[in-house]
Amino acid sequence: MRILVIEDNPDIAANLGDYLEECGHTVDFAADGITGLHLAVVHDFDAIVLDLNLPGMDGLEVCRKLRNEARKHTPVLMLTARDSLENKLAGFESGADDYLIKPFALQEVNVRLNALARRGRGLPARVLKVGDLEYNLDTLEVHREGRAIQLNPIALKILQALMEASPAVVTRQELESRVWGEELPDSDSLRVHIHSLRAAVDKPFSQPMIQTRHGIGYRIVAPDAER
């Protein structure tokens with residue numbers, strides 16, 4: 001994707017740019033609202049990362065002019081340290097598509113931008129489903145029975161591997177390689193993370209989904225599937 005980052009903090013802009021380029025994106029920069037609006041109008045970007053507090057013209061005004069005057073519908077992810085509901089609503093009313101509070105995880109910025117770009121191109125979200133469990137790979141959101149489940153990055157990698165293979169068993173070696181690559185952890189790390197994943201995905205619900213195949217690995221199955 002081609003992404004425009006409008007951010008006046010040079011350290012934040014550099015961190016965003018380095019990470020997004022490592023993810024394979026092309027990144028352009030603007031350090032003030034006026035320059036950012038000009039670039040957003042004259043060039044075609046797949047997504048825009050827009051800071052709220054900018055010199056020259058703040059992010060809300062940039063977004064309003066982009067939508068109302070330039071009639072550009074490029075997806076906008078607004079970044080801000082303002083976390084009140086009023087500020088969030090102001091961001092959406094100005095035309096922003098998504099809102100992320102500082103400090104943020106670079107991985108989350110990337111997945112949100114991918115999700116926005118897919119929506120902008122009219123592509124369906126990538127969602128894994130096993131029974132009543134859903135994992136949106138674009139937004140990193142997990143739901144079971146419609147209830148949101150919060151998972152850390154390692155748990156998300158394990159869950160993705162199990163859901164993609166379901167109902168087949170994924171060996172311990174496969175999971176460890178998927179999560180940690182060649183730098184394998186100590187022998188108990190996977191067990192600890194599986195325990196935490198069960199606590200989030202199974203414990204609050206009436207029927208468990210994660211099964212252990214002793215000496216082999218793990219699998220995830222729908223509650224009504226044949227065991």
Side-chain angles (χ1 to χ4, degrees), residues 1 3 19-20 22-25 46-47 75 77 97-100 104-227:
M1 292 194 300
I3 298 169
Y19 183 80
L20 293 173
E22 286 177 4
C23 293
H25 306 305
D46 295 293
L77 172 62
D97 298 278
D98 202 357
Y99 202 100
L100 198 55
F104 49 79
L106 292 171
Q107 182 187 23
E108 185 173 5
V109 174
N110 185 47
V111 296
R112 285 178 182 259
L113 289 173
N114 283 327
L116 289 176
R118 288 176 66 83
R119 278 185 238 153
R121 295 193 296 266
L123 298 175
R126 299 178 300 151
V127 179
L128 298 174
K129 295 183 180 181
V130 177
D132 56 9
L133 180 67
E134 295 188 359
Y135 176 21
N136 188 313
L137 298 174
D138 292 323
T139 63
L140 300 184
E141 294 174 328
V142 179
H143 291 84
R144 184 172 179 189
E145 295 182 2
R147 293 163 55 183
I149 298 173
Q150 301 299 321
L151 298 175
N152 63 39
I154 289 179
L156 287 173
K157 289 182 180 180
I158 295 172
L159 182 64
Q160 181 176 345
L162 293 176
M163 292 184 74
E164 287 176 342
S166 179
V169 174
V170 183
T171 67
R172 289 181 55 87
Q173 291 79 8
E174 288 178 275
L175 285 174
E176 289 174 343
S177 177
R178 179 80 171 259
V179 174
W180 291 285
E182 296 181 358
E183 298 180 5
L184 297 181
D186 62 70
S187 59
D188 289 331
S189 292
L190 180 60
R191 185 180 297 109
V192 169
H193 287 291
I194 289 288
H195 177 78
S196 297
L197 184 61
R198 278 196 167 110
V201 171
D202 282 347
K203 190 173 182 180
F205 304 93
S206 59
Q207 293 180 291
M209 298 180 67
I210 300 173
Q211 300 178 4
T212 301
R213 289 294 179 261
H214 295 287
I216 302 175
Y218 305 89
R219 71 170 186 157
I220 192 166
V221 295
D224 57 352
E226 184 177 345
R227 307 239 170 164

Interatomic distance, Ile154 atom CD1 to Trp180 atom CH2 [nearest 0.5 angstrom]: 5.5 Å
Heavy-atom nearest pair, Leu175 first then Ala161, reads CD2-CB, 3.7 Å
How long is the span from the CD atom in Glu108 to the CG atom in Asp98, to the nearest 0.5 Å? 8.5 Å
Ignoring hydrogens and geometry beyond distance, is a side-chain donor-acceptor pair present between Glu174 and Ser177 at under 3.5 Å? no
For a side-chain contact (heavy atoms from CB on, under 4.5 Å) check, start with the C-alpha distance between Leu197 and Leu162, then their side-chain angles and the critical distance, and finish with the verdict. CA-CA 11 Å; Leu197 184 61; Leu162 293 176; 4.3 Å; yes
Heavy-atom side-chain proximity of Arg172 to Leu190 below 4.5 angstrom: yes
Find the distance between CZ (Arg118) and CG (Leu113) and round it off to the nearest 0.5 Å. 13.5 Å
Quick one: closest heavy-atom pair of Ala199 and Pro204, and the distance? O-CD, 3.3 Å
For the CG atom of Leu137 and the CD atom of Gln160, what is their distance to the nearest 0.5 Å? 5.0 Å
Starting at CG of Leu159, measure out to CD1 of Ile210 and round the result to the nearest 0.5 Å. 7.0 Å
Given Val221 and Met209, is the side-chain contact (heavy atoms from CB on, under 4.5 Å) satisfied, shown in steps? CA-CA 5 Å; Val221 295; Met209 298 180 67; 5.6 Å; no
Using only atom types and a distance under 3.5 Å, with no angle test, would you say the side chain of Arg219 pairs donor to acceptor with the backbone of Ala168? no
Check: Thr212/Arg198 side-chain N/O donor and acceptor closer than 3.5 Å: yes
Do the side chains of Asp202 and Arg144 get close enough for a salt bridge, i.e. N-O under 4.0 angstrom? yes
With the side chain counted from C-beta on, respond yes when Phe205 and Glu145 share a heavy-atom pair under 4.5 Å apart, and no when they do not. yes
Interatomic distance, Leu151 atom CG to Tyr135 atom OH [nearest 0.5 angstrom]: 8.0 Å
Electrostatic pair Glu141-Arg112, nearest N-O below 4.0 angstrom: no
For a quick test of reading the model, state the closest non-hydrogen atom pair linking Gly217 to Val169 and the distance between them. C-CG1, 4.1 Å
Answer yes if the side chains of His25 and Asn110 hold a donor-acceptor pair under 3.5 Å, and no otherwise. yes
When Met163 is tested against each of Ile158, Val142, Ile220, Val170 for side chain to side chain contact (heavy atoms under 4.5 Å, CB included), which residue passes? Ile220
Heavy-atom side-chain contact between Glu164 and Arg178 under 4.5 Å: yes
